[in-house]
Amino acid sequence: MDGTFDNDLSKIVDMDRDHVWHHLTQHKPFETGAPRVIVEGKGIHVWDQNGKKHLDAVSGGVWTVNVGYGRESIANAVRDQLIKLNYFAGSAGSIPGAMFSERLISKMPGMSRVYYTNSGSEANEKAFKMIRQIAHKRYGGKKRKILYRDRDYHGSTIGAMSCGGQDERNAQYGPFSPDFVRVPHCMEYRRHEQDGAPDENYGEWAAEQIEQVILREGPDTVGGLCLEPVTAGGGVITPPEGYLQKVQEICRKYDILLHIDEVVCGVGRTGKEWFGYQHYGIEPDFVTMAKGVASGYAAIACCVTTERVFDMFKDDAEDPLNYFRDISTFGGCTAGPAAALENMRIIEDENLLENTAAMGDYMIDQLRALQDKHKVIGDVRGKGLFLGAELVADRDTKEPVDEKLAQKVVAECNAQAVIIGVTNRSIPGKNNTLCYSPALIATKDHIDEMIAATDVALTRVFG
Ligand SMILES: Cc1ncc(COP(=O)(O)O)c(C=O)c1O
């Protein structure tokens, strides 16, 4: 990669400006400036239309390219599979689908069934539908409410947004689907914003706030609880000690199915373990995953569940409605599981779970050192290579910085050819957390570069 490209990229940029509607983007600035077009990637770097090389500290922008760019072995696995069989509807099996399910389940004790689909939103919708169908089948339709937390995000469809705790993402897209009920979050750093939150045993207290909602709604009306083990776009929020264990205890007490959304955390992002929830010793009923499953080399998402849940859909074979009457056309694409198998092999053979844990520890220490230097950093948190630095105008009151300033820090990092992220149109007034999620192959040198760029950017913006 030397910054020269075969195509006339100015024409590509014109085509993009004229016809592509970018995700999550206000297009007015493109009337005068050029949109960014990413042209190539290798390892942890990408090149833009100007041939400029960037260090990608956000794995493709949204926590996705876990094993890095330019993996020929994944491309070859996909190519070979596409020539052999590109597609058949998911009502039949496929060789890579069967093989990946077996490999995946071997990493998930307690789980046993994989339902393939093609996006994180859709994987979550599958779990919602399964919970709803169980409610109809077992409880006359009554136990149909699904709880979700403030600040969590579960996808972009109207169903997933009905289960979405980010008010700025949801604004202007309602009305939403009924019987999704919001419960409080568990953000230790901002616990003073919750009435009565204690300094000690906050995790247990935060879980009990969910129980209060269950009792208010009536436990016989609540069928599921959906949450992110480490909240991503809502602020990179790790659960406080004891929280998830207590949440599981409450779910079991009231016969509520626990659905863990691992769309961001899944497949290595949090280091050491394959999944975020596995750090906390819980056994969910549903685990959904997408982004890192095949690192973006092919579209694949999975809704994984237990044999206990699966059995509920086959126990009465005489009833014509008693199976999961759902299909996802592209859930039958074989490129996804073929890429996912090779992705998993790479993570294992290159010891990327271990690297993620070690580099995550290194990076959080470096971010804490930055926090000592820049008083605008109020909190640093995360797990593995999934980290955030929350920017505040005042450390005592924890008043968030103006989000335009947080965005300026991102722009100043960009100017130094380091792409970092910031929470974006999620919580009103609180889109103030810088996000770092480099590929799991990141080295200390890469991390030093990200930290140095952030240091310069913070100095430029805040002095
Ligand atoms: C936690 C979480 N769940 C679900 C989704 C939705 O995934 P997708 O964009 O693949 O539909 C996202 C996307 O960012 C996410 O962060």
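Order of listing sets the numbers, starting from 1, for every ligand and every atom in it.
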Taking the six-membered ring of Tyr153, is the NZ or CZ of Arg169 close enough (under 6.0 Å from the centre) and on axis enough (within 45°)?
->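 Checked: cation-pi criterion met.
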No-hydrogen, no-angle side-chain donor-acceptor test under 3.5 Å, [X] and [Y]:
X	Y	answer
Arg269	Ser59	yes
Asn343	Asn66	no
Ser328	Tyr115	no

Near ligand 1, which protein residues have a heavy atom under 4.0 Å away?
->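 Only Ser119, Gly120, Ser121, Asn124, Tyr153, His154, Gly155, Glu228, Asp261, Val263, Val264, Lys291 have heavy atoms that fall under 4.0 Å of ligand 1, ordered by chain and number.
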Separation of Ile364 CD1 from Gln371 CD (nearest 0.5 Å) =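 The CD atom of Gln371 sits 9.5 Å away from the CD1 atom of Ile364.
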Test ring-ring contact (aromatic ring centres under 6.0 Å, His included) applied to His446 - qualifying residues, sequence neighbours left out =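 ring-ring contact (aromatic ring centres under 6.0 Å, His included) list for His446, sorted by chain: His45.
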